*Asks:* 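Got a structure for you, written out below as structure tokens; questions coming shortly.
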Amino acid sequence: MTINFKSLCNEYVQGVNPYIPGKPISELQRELGLTRISKLASNENPLGCSPIAVEAMQKAALDIARYPDGSSYQLRDALAEFWKVRSNQILLGNGSNEVLELIARTFAGSGDEIIFSQYAFAVYEISTQLVGATPIKVPAKGFAHDLEAMASAITDNTKIIYIANPNNPTGTVFDQSVWNEFIAKVPKNVLVVVDEAYIEYAQAKMVSDYPDVMQDLESYPNILITRTFSKAYGLAGLRIGALIAQSEVIDLIQRVREPFNVNAMAQAGALAALQDQAFIKQSIALNNQGIQQIEDFLNEKGINFIESYGNFITARFKNASQLNQELLKEGVIVRPQVGYGMTDYLRISIGSETENQHFIEALTKLA
């Protein structure tokens, strides 16, 4: 007996293109038997995470038979003090990906519109499709968000606008003046979700020009901000992200959030990592050096790239898909951008100096 499972599935789920993560090191080792592999595909921290966080997680492992703190009180209190907000303005999730999806599940559905930019993080469109809302993809402006056009795209059906600053996979940013002009145009009944997964890198590079969105929370109560511990904090394997918003917004999303969605190890690791800001400074310094290392090489070779404010560089190559396969054979894992409609582009995460050099050597050999 054959069952047509597709006919049983919600129609809007059928149209979702699943998120495809970067190729794991173990898979490439298994496929090609390589010993030297540099994974520069998933924007991970080449320094790993803070030793203080490792120690805290080891301690937490001794009590792993217990359920975690379902409300994450201790971590939320620490984050509230760090971000200068109230603890009831914070919600934690299984990575910021879950938080982004929870926002859509709570506030949007069939008949609603969700706006996001062309070349924006794939999860925005996936979250839109999963709740049966209508995605409104606004054309980018030079690979960056066109906030003026996004404001113009608002209709009576608009519920949510997803914005990334910096944007992944392009690495582009908008500054304070552009943000001020945009947010003043948005109706108060439209939620503006600002994804700041790479904020630590962007703030260090832009200094005074990076928008202080957190400061606008009281003036514009429709702002929601997402952050993550996966990038500069180096806790990608734990999956822990955060939402900062009005307490009324948090209360509504809490009703949709799964209980115990943030595990005990993640809470312990994040709490300890937050205390080690020296590690964050070290991570940013290494990233700045790596960005310069890769940019110098690409400029020397005459390869066009998008200026990045994150921990990655997206560059244009002839036959990018074929080049990606050849780089894999050299033990270098980068990220093709076909899924974003950028068929000629590869995204290169910034690794250690040695890993970056591995990419440079491999590309020199193949060019």
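Source: prediction; values computed, not measured. Atom set for the values below is all heavy atoms of this structure, side chains included, hydrogens, waters and symmetry mates excluded.
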*Asks:* Which residues pass the ring pair (Phe, Tyr, Trp, His ring centres under 6.0 Å) test with Tyr340, not counting sequence neighbours?
*Replies:*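 Testing Tyr340 for ring pair (Phe, Tyr, Trp, His ring centres under 6.0 Å), a comparison that skips the adjacent residues, returns none.
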
*Asks:* Looking only at heavy atoms, which two atoms of Ser308 and Gly310 are closest? And how far apart?
*Replies:*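 Shortest heavy-atom separation between Ser308 and Gly310 comes out as OG-N, 3.1 Å.
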
*Asks:* Any salt bridge linking Lys141 with Asp146? Criterion: basic side-chain nitrogen under 4.0 Å from a carboxylate oxygen.
*Replies:*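 No.
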
*Asks:* Taking only residues two or more places apart in sequence or in another chain, which ones pass side chain to side chain contact (heavy atoms under 4.5 Å, CB included) with Lys365?
*Replies:*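 Per chain and number, Lys365 pairs via side chain to side chain contact (heavy atoms under 4.5 Å, CB included) with Glu330.
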
*Asks:* By side-chain hydrogen bond (donor to acceptor under 3.5 Å, both in side chains), which residues pair with Gln292, not counting sequence neighbours?
*Replies:*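 For Gln292, the residues satisfying side-chain hydrogen bond (donor to acceptor under 3.5 Å, both in side chains) (neighbours in sequence not counted) are Asp296.
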
*Asks:* Using side-chain heavy atoms (C-beta onward) and a distance below 4.5 Å, is Met265 in contact with Leu238?
*Replies:*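 SC-SC contact between Met265 and Leu238 confirmed.
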
*Asks:* With sequence neighbours excluded, tell me which residues meet side-chain hydrogen bond (donor to acceptor under 3.5 Å, both in side chains) with Thr170.
*Replies:*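 Here the qualifying residues are Asn167, Thr172.
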
*Asks:* According to ring pair (Phe, Tyr, Trp, His ring centres under 6.0 Å), who are the partners of Tyr124, at least two apart in sequence or on a separate chain?
*Replies:*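 If we apply the ring pair (Phe, Tyr, Trp, His ring centres under 6.0 Å) test to Tyr124, skipping adjacent residues, the hits are Phe121, Tyr162.
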
*Asks:* Within the 3.5 Å criterion, strictly below it, is a donor on Gln337 or Thr343 matched to an acceptor on the partner's side chain?
*Replies:*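 Result is no, nothing qualifies.
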
*Asks:* Rest of the hydrophobic cluster containing Leu62 (Ile/Leu/Val/Met/Phe/Trp/Tyr, side-chain heavy atoms under 4.5 Å)?
*Replies:*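 Leu62 shares its hydrophobic cluster with no other residue.
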
*Asks:* Among residues two or more places apart or on two chains, list those pairs meeting ring pair (Phe, Tyr, Trp, His ring centres under 6.0 Å) that have a residue in residues 47-66.
*Replies:*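 Ring pair (Phe, Tyr, Trp, His ring centres under 6.0 Å) check on residues 47-66 returns no pairs.
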
*Asks:* For Ser352, does its backbone N or O pair with a side-chain atom of Glu355 as donor and acceptor, under 3.5 Å?
*Replies:*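 Yes, Glu355 side chain to Ser352 backbone: donor-acceptor pair under 3.5 Å.
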
*Asks:* Output all residues satisfying side-chain hydrogen bond (donor to acceptor under 3.5 Å, both in side chains) with Gln277, sequence neighbours left out; order by chain, then residue number.
*Replies:*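 Scan of Gln277 (side-chain hydrogen bond (donor to acceptor under 3.5 Å, both in side chains), adjacent residues dropped) gives Tyr233.
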
*Asks:* Does the gap between the ring centers of Phe174 and Phe182 come in under 6.0 Å?
*Replies:*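 No - the distance between ring centres of Phe174 and Phe182 does not fall below the 6.0 Å cut-off.
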
*Asks:* Suppose clustering is done on Ile, Leu, Val, Met, Phe, Trp and Tyr with side-chain heavy atoms closer than 4.5 Å. Which residues sit in the same group as Ile199?
*Replies:*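 Joined to Ile199, directly or through intermediates: Val173, Met206, Tyr210, Tyr309.
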
*Asks:* Sequence neighbours left out, what passes side-chain hydrogen bond (donor to acceptor under 3.5 Å, both in side chains) with Asn356? Give chain and number order.
*Replies:*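 Expected list: Gln293.
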
*Asks:* Is Lys39 salt-bridged to Glu44, cutoff N-O under 4.0 Å?
*Replies:*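 Result for this pair is yes, salt bridge flagged.
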
*Asks:* Donor-acceptor pair, Asn222 side chain versus Val190 backbone, under 3.5 Å?
*Replies:*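 Pair found, side chain donor or acceptor close to backbone of Val190.
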
*Asks:* Whether the side chain of Gln176 engages the backbone of Asp212 through a donor-acceptor N/O pair (distance < 3.5 Å, no angle test) should be reported.
*Replies:*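 Judged by distance alone, yes, a pair lies under 3.5 Å.
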
*Asks:* What I want to find out is whether Glu101 reaches Arg257 closely enough, with some N-O distance under 4.0 Å, to be called a salt bridge.
*Replies:*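 No, no charged N to carboxylate O under 4.0 Å.
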
*Asks:* Supply the members, apart from Leu298, of the Ile/Leu/Val/Met/Phe/Trp/Tyr cluster built from side-chain contacts under 4.5 Å; use none for a lone residue.
*Replies:*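 Same cluster as Leu298: Leu40, Ile291, Ile294, Phe297, Ile303, Phe305, Ile313, Phe317, Leu323, Leu327, Val332, Val334, Leu346, Ile348, Ile350, Phe359, Ile360, Leu363, Leu366.
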
*Asks:* I'd like to know if Glu361 and Arg36 make a salt bridge, using a cut-off of under 4.0 Å between side-chain N and carboxylate O.
*Replies:*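 The answer is yes: the pair qualifies as a salt bridge.
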
*Asks:* Dump the intermediate steps for ring pair (Phe, Tyr, Trp, His ring centres under 6.0 Å) on Tyr345 and Phe143, then the final yes or no.
*Replies:* CA-CA 12 Å; Tyr345 287 81; Phe143 293 107; 5.3 Å; yes

*Asks:* Phe260: which residues meet the ring pair (Phe, Tyr, Trp, His ring centres under 6.0 Å) condition with it, sequence neighbours left out?
*Replies:*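 In terms of ring pair (Phe, Tyr, Trp, His ring centres under 6.0 Å), with neighbours along the sequence ignored, Phe260 is linked to Tyr67.
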
